[in-house]
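Only one structure is covered here, and it is reproduced in the block below.
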Amino acid sequence: MTDSKYFTTTKKGEIFELKAELNSDKKEKKKEAVKKVIASMTVGKDVSALFPDVVNCMQTDNLELKKLVYLYLMNYAKSQPDMAIMAVNTFVKDCEDPNPLIRALAVRTMGCIRVDKITEYLCEPLRKCLKDEDPYVRKTAAVCVAKLHDINAQLVEDQGFLDTLKDLISDSNPMVVANAVAALSEIAESHPSSNLLDLNPQSINKLLTALNECTEWGQIFILDCLANYTPKDDREAQSICERVTPRLSHANSAVVLSAVKVLMKFMEMLSKDLDYYGTLLKKLAPPLVTLLSAEPELQYVALRNINLIVQKRPEILKHEMKVFFVKYNDPIYVKLEKLDIMIRLASQANIAQVLAELKEYATEVDVDFVRKAVRAIGRCAIKVEQSAERCVSTLLDLIQTKVNYVVQEAIVVIKDIFRKYPNKYESVIATLCENLDSLDEPEARAAMIWIVGEYAERIDNADELLESFLEGFHDESTQVQLQLLTAIVKLFLKKPTETQELVQQVLSLATQDSDNPDLRDRGYIYWRLLSTDPVAAKEVVLAEKPLISEETDLIEPTLLDELICYIGTLASVYHKPPSAFVEGGRGVVHKSLPPRTASSESTESPETAPPGAPSGEQPDVIPTQGDLLGDLLNLDLGPPVSGPPLATSSVQMGAVDLLGGGLDSLIGGPNFVTPPAAAVPANLGAPMGSGLSDLFDLTSGVGTLSGSYVAPKAVWLPAMKAKGLEISGTFTRQVGSISMDLQLTNKALQVMTDFAIQFNRNSFGLAPAAPLQVHAPLSPNQTVDISLPLNTVGSVMKMEPLNNLQVAVKNNIDVFYFSTLYPLHILFVEDGKMDRQMFLATWKDIPNENEAQFQIRDCPLNAEAASSRLQSSNIFTVAKRNVEGQDMLYQSLKLTNGIWVLAELRVQPGNPSLTDLELSLKCRAPEVSQHVYQAYETILKN
C-alpha cells in the first residue's frame with residue numbers, strides 16, 4: 001500500500017493518539033506514527049506539540065526513520081529552539097556513526113537548523129566531517145559551512161572553517177572540489193570584498209582536472225568560478241580554453257552556457273591572428289545552434305544569450321542564419337527574439353535570404369510579429385546599403401496589400417530610410433500619399449506628416465494634405481501635433497505665397513488654443529523666428545539633417561562587456577546588470593572582461609614612445625588597458641577628488657546659436673545694434689509683443705567670457721534610453737578652467753532628485769571637480785542648465801577612440817550610462833607657447849615617422865585670421881614666414897598631461913580660389929595627431 005493513507009485520517013483526538021504511538025515499544029508502530037506526523041506537518045497542521053516525543057525517536061539505527069525525524073526537526077527547530085537543544089547529543093553521536101550516509105545526514109540537517117543557540121555545539125561535529133575519510137560526507141560538510149556562514153558568519157571565520165574549505169579545493173574527489181567551490185562562491189557573494197577564492201594557476205589546474213569527473217551541477221559551479229579568474233597572459237588563457245572546450249558538447253544546456261561564458265571572457269585575451277582563435281570561433285557555433293532545438297522556454301533563454309554574443313562577436317554565427325528562421329509553431333516570444341538576431345546577422349552575403357524570409361513573415365496572422373517583421377525590413381535597408389533598393393520595393397509590395405497595420409508600419413520605416421538615404425527613393429512618395437486616409441496610429445500619421453513637410457516641394461498638393469490633418473488638430477496626439485506644426489512651417493518656408501493662411505492657422509492653434517507646453521513653446525519659437533528673421537528661420541527649420549545610424553538598439557559597449565560575464569544567468573535574459581534587479585543586503589559585484597594582454601596587443605598596434613621619453617620605454621602618459629566598467633559603475637557619490645578650484649562659468653544659452661548672430665547680438669553685448677522697428681515684417685504679427693527678448697527673457701543673461709571655440713550642445717542621452725531624463729551638453733574651456741555644460745530635461749511623469757555624476761577612467765584623466773548640483777527637484781517637462789567644473793587629476797586609461805568619455809549619471813530613478821567624445825582643444829593649456837629655439841630643436845628631435853599630414857578643405861582664411869582664431873583656443877604661433885608665396889605658420893600647443901604638439905600650417909594668401917590649408921603635425925605620441933587635426937578643423941571653420 002502507498003503512503004497516501006497517512007494523509008486521509010481526520011480523527012479528533014489525533015495528537016493524543018500519535019503521542020501514544022510515538023512512545024510505543026514496537027519499532028514498526030513508531031515508524032508509522034512518525035510518518036503520520038510528517039503527513040500532518042506537510043498539509044499544514046500544527047504538530048509542534050509532539051516535539052519531545054518525535055525527538056526521542058532519533059535514537060534508532062533505522063535510516064528511514066532517522067530521515068523522517070530529521071525532517072520534522074528542520075521544520076520545527078525554529079519555533080521550539082529550547083527543545084531543539086535536546087537533539088544536539090544525537091547529532092554529535094550520529095557524526096561518529098560508522099555508516100557514512102548517517103554521518104552525512106546528520107551534518108546536512110545541522111546546516112538546515114537555523115537556531116543560533118545550537119550552532120556553536122555543531123562546530124566540533126562539522127570539523128570532524130570536513131576531514132572525514134568518506135568523500136560523500138566531506139562534500140555534504142562543505143555545503144554545510146556555507147549554510148552555517150549564512151547564520152553566523154563570525155563563528156565560521158573564528159573556527160577556521162573557511163581555511164578548511166580552501167583546502168578542500170585540492171581534494172582528490174571531484175565532487176568534494178565542486179561543492180567546496182560552490183560553498184566558497186556562495187560565501188564570497190555575500191562578502192564581495194573578501195578574497196576567498198584566491199585562484200592561482202595551481203588551483204585552476206586542480207579545478208580543470210575535477211571538471212571532467214564531477215556531476216553537471218558541479219561542472220557549472222567550477223565553470224562559473226573559472227569565469228571569475230583572470231589569466232596572467234594569453235598563453236594561460238588559451239590553455240584554459242582548450243580544457244574547457246569539451247564542455248560545449250555536454251547534454252545540459254546550463255553547462256554549455258557556462259562554458260560559453262568562460263570562452264567568451266578568455267577570448268578577449270587571445271590575439272585575433274592566432275590559428276586557435278579561428279578554431280575557437282568555429283567550435284562555439286554548433287553548441288549554440290543545438291540549444292535552439294530544445295523546448296521553447298530553453299530556446300528563449302538561449303536566444304537572449306545569443307543576442308549578447310552576436311553583438312560582441314557576430315563572426316561566431318555569421319554562417320548560421322538559417323537556424324534563426326522562424327518556425328510556424330514557435331511561440332511569439334521566440335519569434336520576436338529570432339527576428340532580432342536575424343537583423344543583427346544580416347549582411348550583404350545573406351540579405352537576399354533574409355528579405356525573402358521577412359516578406360513571408362509580414363503576411364502572418366500574428367499582428368505583433370508582422371509589425372516587427374516590417375520594421376525589420378526597414379532596419380535591413382539601413383544596415384546593408386546594397387539592399388536598400390530591394391527593401392524599399394518589398395515595403396511597397398506590402399503597402400499594396402492594403403492591410404492597415406502593415407501599411408502603417410511600412411510608412412514609419414520608409415521615413416527612416418529617407419533619413420538614411422536622402423534624395424534616393426523619394427519617387428515612392430506618391431504611393432505613400434494614396435494611403436493617407438487609412439492611417440490611424442499616431443506614429444504612422446506623424447511619419448507621413450514628416451514626409452509631406454520634408455518633401456513639400458515635390459508634392460503638388462502638400463498644402464491640401466496637411467490641411468486635411470489640421471481639421472482635427474485638437475484630437476491628434478502630441479506627437480502628431482508637433483510634427484504637423486513643423487511640417488506646415490517647412491511648407492511655408494518653401495512656398496510662402498500659397499501657405500500664409502495655413503501657417504497662421506497652425507501657429508494660432510498651437511499657441512493660443514493648446515494646453516500642451518511643448519507645443520506652445522515650439523509654436524512661439526517658430527512665430528518669433530518667422531516674424532523676426534525669415535532667413536534665419538529657413539536655416540534653422542530647413543537645416544540639413546544628420547544621417548541616422550544603422551544600429552540604434554545595440555547595448556552600450558561597457559554594459560555589453562558586463563553582461564557577457566553573466567551569460568547563463570538571469571542578467572543575460574533581462575539584458576540588465578544584476579544591480580538593476582537584485583535587491584537586498586548582498587553586495588553585487590560588477591564584473592568586466594579581462595584586459596587584452598600586452599603580447600596580444602602588440603600584434604595589433606605598435607607601442608609608441610611617450611612624449612618626452614626616449615623610444616623603447618613604457619608609455620606612462622596614456623597606459624594601455626581594456627575598456628573597464630568597474631570604476632564607472634561603482635558610483636562614489638561622496639565629495640569629489642580635491643583639485644584646483646575652478647571658476648564655474650555662467651550658463652551658456654548661446655551655445656546653440658539659432659539666429660546666427662552670436663550671443664552678443666541677442667543679449668546686447670559690445671557690438672549690439674538695435675534693429676529698427678520697421679525691420680520686422682508686418683504680415684506676421686507676433687503674439688505677446690515682438691522680438692526675442694520677451695520670449696526668452698535674455699536681457700538678464702550674462703555673456704560668455706571670450707575663450708576657446710564652444711561646440712553647440714548635442715543630445716548625449718536621449719530620454720527614451722534614460723527613463724525620461726534627457727541630457728544634452730557641450731564642453732568649454734575658459735581662463736584655464738574646463739567645464740561640461742549640461743542641460744537636463746525631465747520628460748518623465750515623476751519628479752527627479754538626488755543627481756550625481758561620475759566618469760570612467762579616460763585617456764586624459766578628466767573628472768568632475770565638484771558634485772553635480774541640481775538645487776531644486778526637476779519637475780516633469782522642466783529643463784535645467786548646469787555647468788559642471790572638470791579637472792584632469794582623475795585616473796588615466798587609454799580609450800578607443802582617444803577622446804572617448806564614459807559617463808554615469810544617477811538620480812532617484814536609476815543609474816544611466818552614456819559615452820561622448822570631447823573635443824581635444826579643451827585640453828590645450830594656456831602655457832603652450834614654445835620659444836623658437838626650443839621649437840626648432842624639438843621638431844628635429846621627433847622622428848619623421850611621427851609626422852602626420854592633413855588638409856583642411858574650404859577654409860578661406862588668411863594667416864592673421866587663422867592665427868588669431870587658433871590663439872583663442874590656445875594654439876600659439878611661434879613664428880611665421882613666407883615661402884614661394886605661401887604663408888607658413890609654425891605653431892605649438894601643449895595638452896594637460898604635458899604632451900607637446902608642433903604644427904606647420906600653410907596658407908595661400910590673397911587667392912580666393914585656393915581655400916585648402918595644409919597642416920603638418922609632429923608629436924611624440926602620434927595617436928594624438930588625428931584628434932588635434934580635428935580640433936584645428938573645428939576651430940578654423942566655426
Side-chain angles (χ1 to χ4, degrees), residues 621-622 640-641 643-657 662-664 669 702-714 716 727-743 757 759 762-770 772 785-794 796 799 801-805 807 820-834 866-877 891-901 903 921 923 928-942:
V621 180
I622 307 172
V641 179
L646 297 179
T648 307
S649 61
S650 59
V651 173
Q652 296 195 4
M653 291 201 64
V656 182
D657 187 358
L663 193 71
D664 283 350
V702 182
T704 54
L705 296 157
S706 64
S708 60
Y709 164 71
V710 179
K713 281 198 180 92
W716 288 340
I727 301 180
S728 308
T730 186
F731 294 90
T732 62
R733 183 183 185 92
Q734 286 170 0
V735 203
S737 303
I738 306 171
S739 53
M740 180 194 254
D741 288 352
L742 296 167
Q743 187 173 65
I757 192 165
F759 296 173
N762 53 78
S763 306
F764 293 92
L766 274 179
L772 180 64
D785 291 292
I786 299 149
S787 190
L788 177 73
L790 308 180
N791 58 33
T792 51
V793 298
V796 174
M799 300 298 285
L802 207 59
N803 58 339
N804 187 15
L805 180 65
V807 184
T820 181
L821 301 178
Y822 50 88
L824 212 64
H825 65 260
I826 63 165
L827 303 171
F828 297 172
V829 296
E830 282 66 20
D831 61 344
K833 187 165 184 176
M834 261 190 188
S867 180
S868 89
R869 197 172 280 193
L870 291 165
Q871 181 145 349
S872 69
S873 290
N874 296 336
I875 299 175
F876 299 96
T877 302
Q891 297 176 316
S892 69
L893 64 96
K894 183 177 161 191
L895 295 168
T896 48
N897 59 0
I899 293 180
W900 283 92
V901 181
L921 295 174
C923 176
V928 172
S929 299
Q930 176 66 31
H931 301 282
V932 172
Y933 152 67
Q934 286 164 2
Y936 260 87
E937 190 169 48
T938 306
I939 295 162
L940 290 171
K941 287 190 174 182
N942 291 285

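Residues take their numbers from the sequence shown, with the count starting at 1. Treat the numbers as computed from the prediction; the structure is a model and nothing was measured.
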**Asn791 versus Pro768, closest heavy-atom pair with distance** = ND2-O, 4.2 Å
**Request:** For Ser787 and Asp741, work out which heavy atoms get closest and say how close.
**Result:** OG-OD1, 2.8 Å
**Item:** Pairwise distance CG(Asn803) to CG(Leu827) - rounded to 0.5 angstrom
**Value:** 9.0 Å
**Side-chain donor or acceptor of Ser892 paired with backbone N/O of Gly832 under 3.5 Å** = yes
**Message:** My understanding is that only residues two or more places apart in sequence, or in another chain, count here; which of them pass ring-ring contact (aromatic ring centres under 6.0 Å, His included) with Tyr822?
**Reply:** none
**Prompt:** Taking side chain as C-beta onward, heavy atoms only, is Leu824 less than 4.5 Å from Leu895?
**Reply:** yes
**Request:** Look up atom CD1 in Ile786 and atom CD1 in Ile757, then write down how far apart they are to the nearest 0.5 Å.
**Result:** 8.5 Å
**Message:** If the condition is side chain to side chain donor-acceptor pair (under 3.5 Å), which residues does Thr820 pass it with, not counting sequence neighbours?
**Reply:** Trp716
**Prompt:** With distance as the sole test, does Glu830 use its side chain to make a donor-acceptor pair with the main-chain N or O of Gly736 at under 3.5 Å?
**Reply:** yes
**Pairwise salt bridge (charged side-chain N to carboxylate O under 4.0 Å, His left out) hits with a residue in residues 928-938, at least two apart** = Glu937-Lys941
**Complete:** In terms of heavy-atom contacts, Pro801 and Leu821 come closest through CG-CD2, 3.6 Å
**Request:** Would you please name every residue forming a side-chain contact (heavy atoms from CB on, under 4.5 Å) with Ser868, sequence neighbours left out?
**Result:** none
**Complete:** Note: Asn874 and Leu893 closest approach over all heavy atoms is O-CB, 3.8 Å
**Message:** Please find the pair of heavy atoms, one from Leu805 and one from Met740, that lie closest to each other, and give the distance.
**Reply:** CD2-CE, 4.0 Å
**Asked** When rounded to the nearest 0.5 angstrom, what distance separates CG in Asp785 from CD in Gln743?
**Response** 4.5 Å
**Fill in**
So CZ of Arg869 and CD1 of Ile875: to nearest 0.5 Å the spacing works out to 12.0 Å
**Prompt:** Residues two or more places apart in sequence or in another chain: which of them pass side-chain contact (heavy atoms from CB on, under 4.5 Å) with Gln871?
**Reply:** Phe876
**Message:** Going by the rule side-chain contact (heavy atoms from CB on, under 4.5 Å), which residues pair with Thr877 if we only count those two or more places apart in sequence or in a different chain?
**Reply:** Ser867, Leu889, Gln891
**Message:** Within the 4.5 Å heavy-atom criterion, are Val796 and Asn897 side-chain neighbours or not?
**Reply:** no
**Partners meeting side chain to side chain donor-acceptor pair (under 3.5 Å) with Gln934 (sequence neighbours left out)** = none
**Item:** N/O donor-acceptor pair under 3.5 Å between Ser763 side chain and Leu802 backbone
**Value:** yes
**Message:** Donor-acceptor check, side chain of Arg733 to backbone of Phe828, threshold 3.5 angstrom: yes or no?
**Reply:** yes
**Message:** I need the Leu788 CG to Phe731 CZ distance, nearest 0.5 Å.
**Reply:** 9.5 Å
**Prompt:** side chain to side chain donor-acceptor pair (under 3.5 Å) with Asn762: which residues, sequence neighbours excluded?
**Reply:** none
**Fill in**
CG of Leu790 to CZ of Phe764, rounded to nearest 0.5 Å, is 14.5 Å
**Side-chain donor or acceptor of Ser873 paired with backbone N/O of Tyr709 under 3.5 Å** = yes
**Message:** side chain to side chain contact (heavy atoms under 4.5 Å, CB included) for Leu772 and Leu742? Distances and angles first, verdict last.
**Reply:** CA-CA 10 Å; Leu772 180 64; Leu742 296 167; 3.9 Å; yes
**Prompt:** Closest approach of Met799 and Asn804, non-hydrogen atoms and distance?
**Reply:** CG-O, 3.7 Å
